[in-house]
Structure formats: structure tokens, C-alpha cells
Chemist: 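Let me begin by handing over the structure; questions about it come next.
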Amino acid sequence: MQLSSTDSHRLEKSQRPVSCSKTLIPMDSSDGFRPLDGKSLGEYIKKTPALVAQLGNQVDDLTIKEVGDGNLNFVYIVTGPAGSFVVKQALPYVRCVGESWPMTKERAYFEALALKGQGHLCPDHVPEVYHFDRPMSLIAMRYLKPPHIILRKGLIAGIEYPLLAQHMAEYMSRTLFFTSLLYRSTTEHRRAVAEFCGNVGLCRLTEQVVFSDPYKVAQYNHWTSPYLDHDAEAIREDDVLKIEVAGLKSMFCERAQALIHGDLHTSSVMVTIDSTQVIDPEFAFYGPMGFDIGAFLGNLILAYFAQDGHADEGNDRKAYKQWVLGTIEETWNLFQKKFICLWDEHKDGNGDAYPASIYNKPELQRLVQQKYMTELFHDSLGFGAAKMIRRIVGIAHVEDFEAIADAGKRAFCERGALDCGKLLLKERHQFRTISQVISAIQEVRPC
Ligand code: ADP
Ligand code: SR1
Ligand code: MG
């Protein structure tokens, strides 16, 4: 990842990530933390009964491979003759930047908590946690074996996943509904919100890199220069866009609507043709539901705009673009349907948002549901759009575009996504259905 920016010299000191001195962050600390490598992880495993058991008690011939390709953590695949798992360890900094950007390793605690909670609510689509060591910021979980791959890579390769929309709608509707006040009492909700308020470091990271940095000159911003220089500048000078994104940032910080994954892009989903598994919820906290739905849909929209860059003589990607659009539409429609079904099923339960004693007439129930879903639709479009924009002019870009070697072609694809993101962010309240959104996407770049 290239982190230089033509504007970096104009960065104010206060805008930079907190930096530590050249002497490295102390790693072997009195709190029981030790960063592991392949060798020391092998020794750790042998001393940890839960992991020994997971390997069928055969620990003499282990293969340990570091495969972390994400932005933050270290991930090891551990295989033995009679078992396997994945180990993920958080070090006290942002991996893709280095030790100059410290980041709490407590993020592993929130990831483990979210994986367990979301796994309980949706076991078919979340890997099981086998072991969590808080002092070591270390999680061991089910190894999602090949042919599982990261969804983003599948989208770049042009692979269709017929069950993806259904599975993601299931995951999002269950994890969001059951952690909201539609299902829970305020007593339960407040306790859970308080616990996840501790994930402040990662929330602040999102606040910075999604809602702030793309709209100003910032150290790590970069884009396909010189092609998108004017586009990046236009974003920094677009007052309407800035007003809209400020509203979304406030909602992100203020609205504890449900336990959200917090980073639900297409590299946080592993897939085969018939399996969909959501990993990496280290950004989890009680926030607006639309942030998750928008992250997923926004990343599918990015995949759509990247397809022209992956087209070749053998495959113009036209049919695949249609499949991506169909998946966006189906995901929202199925999500909405499943979410309303859960609401109907539990309307007489303990949920404190719409008590049955007040919302007791079917027509009133329909009205509040319609209002709720319309607001959620617009929130999702707004957050999705913000996530699209940050992936083109912010710090962390996506492989969908980075894999397009020809810079001119890449910029053309990115500009389509940027124009679409700006349109959705500014005009989201005009859209009533997802099919109108699909038409708007196609107007930017036809299939
Ligand atoms: P980060 O928090 O740094 O983004 P991720 O959780 O996204 O890390 O994991 C990085 C990579 O490790 C993923 O892209 C995937 O290839 C691999 N990975 C993570 N969890 C699993 C798992 N349970 N099974 C198989 N591979 C995994
Ligand atoms: C330093 S920004 C790194 C990004 O990677 C994670 O997956 C999140 O999306 C975060 O914003
Ligand atoms: Mg990740």
C-alpha cells in the first residue's frame, strides 16, 4: 500500500495519527502480552489445553503459516494431522501503517465478544471461537478452509455466488434485529451498549478515516494521481457533501441502534458457492444499523464499477455486472423482508421501542415498520456512499480497483464509483426503492 500523498506536507500536526518515538512500542509487557511469530505460537499452542484438544491432541507436526492480508492484525493458519484452526493476534498498532500509528490491542476483546454474540445469533454465517486470551489479544477460531476465499477476490475474479444475498440478508437481519430495542428491553440494551463503548479506539479510527480525512487534506489520503487530482479536490470543496457527511458522522457517534459489525466490507466475508461466513468484527459497537448494510452494499457497488477494469477479450463482464446489481437489489429486499418477519414474530416480546400495549393495531404496526425501514434504507445509502468515497480518496483502498494495473483505466472506474457515491450521499432521501438505486448506478456507467 502506498501511503504518500501529494498534500502531505500541508498536514497540520494535530491531523496526524498520534505517533510514538522511533524506539518501538514495548511489546513484552507486564500485562501479559507478547507478540507471537510462527515459532512462539507453536509453543503457545502446546501449552493451551483448548487448542491442543482442537488439534485432536496431536501437536507434534504442526504447520503454521501467517496469512494476514488485512490492514490491522496478524493471522495464522494452524494445521495438524488431526485438526486445524486460525489464530488472530492484535498488536498495539495499525499493521498497514506500522508502529507510528498505535492502536489498542483491546480490539481483540471486542472482536471475540462480537464473534461469540453474532455467532450465537447466526451460527451458520459466523466462524466458531475456540479460544480467547485477553492479555495476549489472541483469538483462535474455525479455519474457513479452501475453497473459502475472501468475497472481494471472488468478485474480482467474476465468480457468481447464488446464495450470497440470501445469506447476508440472514446475517444482517438476525444480528441487527436481536441486538436492537425492537427485541430487547432498555435495561439489557444499555448494559450491552456500555460494554461496547469501550471499543473507542476503533470507533475513532473510523470517525477519522471514513468521515473526516477524505474531506480535507490529510497525511495518508491518496488517489490515482494525476487522473483524480481534481476529483479529490472537488470533494474537499463540496459544502453540500460536507454537510451530509457531518450528519452521518453524528449518527455514527450518537445512535446506539444495534450491535453492528462495524467493518462489513467484502473482505470481511469469506465464501464458497454455498457457504457465506462473516469474519473480522473488531470494529463492533452499538451504532446505526445502516453502517453495516451500507458497508456491504457500498462495497458491492465498488465491485460493480471495477468490472470494466477487469474486462478482457474473453469476458466483457457485462453479464457479471448484471449479477452484481441483482445481488445488491436482492440483498436489500431480502434483508427488509427477513427483518420485518422477525419484528412481526417478536412484536409481543420485551422490545421497548414499540411496546405492544401502545402499538396494538395492525395498521399502526405497518406504519411504524414502514417509517423505520425507509429511514434505515436512507441511512444505508448514506453510509454506503461514504464508505465508497473513502476507498478512493482516503487511506485504505480496495483491491477491486488496486488490481487494475493501467492507471488511466483504474481512474476511469474509480471516477464512476466516486460520482455514484456523491450522488447517493447527497440525494439519498429521493430514493424510495432499491431498484431506483440500481437505475441510478447504471446511469453513471451502463452495464
Ligand atoms: P484484519 O483484522 O487485519 O483485517 P482479517 O480478520 O480480515 O484481518 O483477516 C486477514 C486475512 O486472514 C483474511 O483476509 C483471510 O484471508 C484470513 N482469515 C481470517 N480469518 C480466517 C478464518 N477464520 N479462516 C480462514 N482464513 C481467515
Ligand atoms: C487505517 S484504516 C484501515 C481500514 O481497514 C479496516 O478494514 C477498516 O476498514 C479501516 O478503516
Ligand atoms: Mg479485515
Side-chain angles (χ1 to χ4, degrees), residues 1-5 68-73 75 94-97 149-159 161 164 168 205-206 208-211 213-214 218 220-225 227-228 231-232 235 261-271 278-280 282-283 291-311 317 320-321 324-325 327-328 331 383-422 424-425 441 444-445:
M1 170 187 280
Q2 192 208 327
L3 291 172
S4 63
S5 154
D69 59 0
N71 288 326
L72 268 72
N73 302 293
V75 177
V94 173
R95 180 178 184 171
C96 68
V97 175
I149 57 168
I150 288 290
L151 172 58
R152 195 184 302 284
K153 292 189 185 291
L155 296 168
I156 293 167
I159 302 169
Y161 296 98
L164 179 65
M168 287 306 292
L205 174 60
T206 299
Q208 177 183 341
V209 301
V210 176
F211 298 110
D213 283 355
Y220 294 117
N221 283 352
H222 63 116
W223 51 84
T224 304
S225 185
Y227 304 91
L228 297 185
D231 305 71
I235 285 176
H261 176 286
D263 199 23
L264 195 50
H265 52 74
T266 47
S267 293
S268 292
V269 182
M270 294 190 72
V271 283
V278 178
I279 60 168
D280 197 13
E282 70 192 310
F283 285 80
F291 193 76
D292 271 4
I293 303 163
F296 185 65
L297 298 183
N299 273 263
L300 287 180
I301 301 174
L302 292 179
Y304 171 86
F305 282 103
Q307 292 306 317
D308 288 341
H310 304 311
R317 297 284 179 122
Y320 194 64
K321 282 166 88 174
V324 175
L325 293 179
T327 301
I328 294 169
T331 301
F383 285 121
K387 303 276 259 180
M388 290 166 65
I389 293 169
R390 61 79 58 119
R391 294 294 186 189
I392 298 161
V393 297
I395 174 177
H397 288 212
V398 287
E399 196 180 337
D400 308 61
F401 296 124
E402 299 299 283
I404 303 168
D406 181 309
K409 211 188 258 186
R410 184 188 333 128
F412 172 80
C413 296
E414 290 174 319
R415 181 173 293 125
L418 210 48
D419 290 345
C420 180
K422 284 161 68 172
L424 294 179
L425 192 46
I441 296 170
V444 178
R445 290 271 191 281

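When a residue number appears, it is its place in the shown sequence, counting from 1. Since we're looking at a predicted model, the values are computed, not measured.
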Chemist: Could you label the plane-to-plane angle of the F291 and F211 rings as parallel, tilted or perpendicular, counting under 30° as parallel and over 60° as perpendicular?
Modeler: tilted
Chemist: Compare all side-chain heavy atoms of I404 with those of H310 and state whether any distance is below 4.5 angstrom.
Modeler: yes
Chemist: Shortest non-hydrogen contact from N221 to G394?
Modeler: OD1-CA, 3.6 Å
Chemist: Between I395 and D213, does the side chain to side chain contact (heavy atoms under 4.5 Å, CB included) criterion hold? Intermediate values first, please.
Modeler: CA-CA 8 Å; I395 174 177; D213 283 355; 5.5 Å; no
Chemist: May I have the step-by-step check of side chain to side chain contact (heavy atoms under 4.5 Å, CB included) for F412 and R445, ending in yes or no?
Modeler: CA-CA 10 Å; F412 172 80; R445 290 271 191 281; 3.1 Å; yes
Chemist: Please report the C-alpha distance between I441 and F305 in whole Å, then the side-chain angles of each, then the deciding distance to 0.1 Å, and finally whether the side chain to side chain contact (heavy atoms under 4.5 Å, CB included) criterion is met.
Modeler: CA-CA 9 Å; I441 296 170; F305 282 103; 3.8 Å; yes
Chemist: Would you check if F283 and L205 make a side-chain contact, meaning some heavy-atom pair closer than 4.5 Å?
Modeler: yes
Chemist: Can you see which heavy atom on S267 is nearest to which on R152, and at what distance?
Modeler: OG-NE, 2.7 Å
Chemist: Regarding K409 and D308, does a basic nitrogen lie under 4.0 Å from an acidic carboxylate oxygen?
Modeler: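 No, no charged N to carboxylate O under 4.0 Å.
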Chemist: Is there a side chain to side chain contact (heavy atoms under 4.5 Å, CB included) between V393 and D231? Walk through the geometry before answering.
Modeler: CA-CA 9 Å; V393 297; D231 305 71; 5.9 Å; no
Chemist: For the residue pair R317 and A311, what are the closest heavy atoms and their distance?
Modeler: CG-CA, 3.8 Å
Chemist: Any side-chain heavy atom of I279 sitting closer than 4.5 Å to one from V269?
Modeler: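 Result no, sub-4.5 Å side-chain heavy-atom pair not found.
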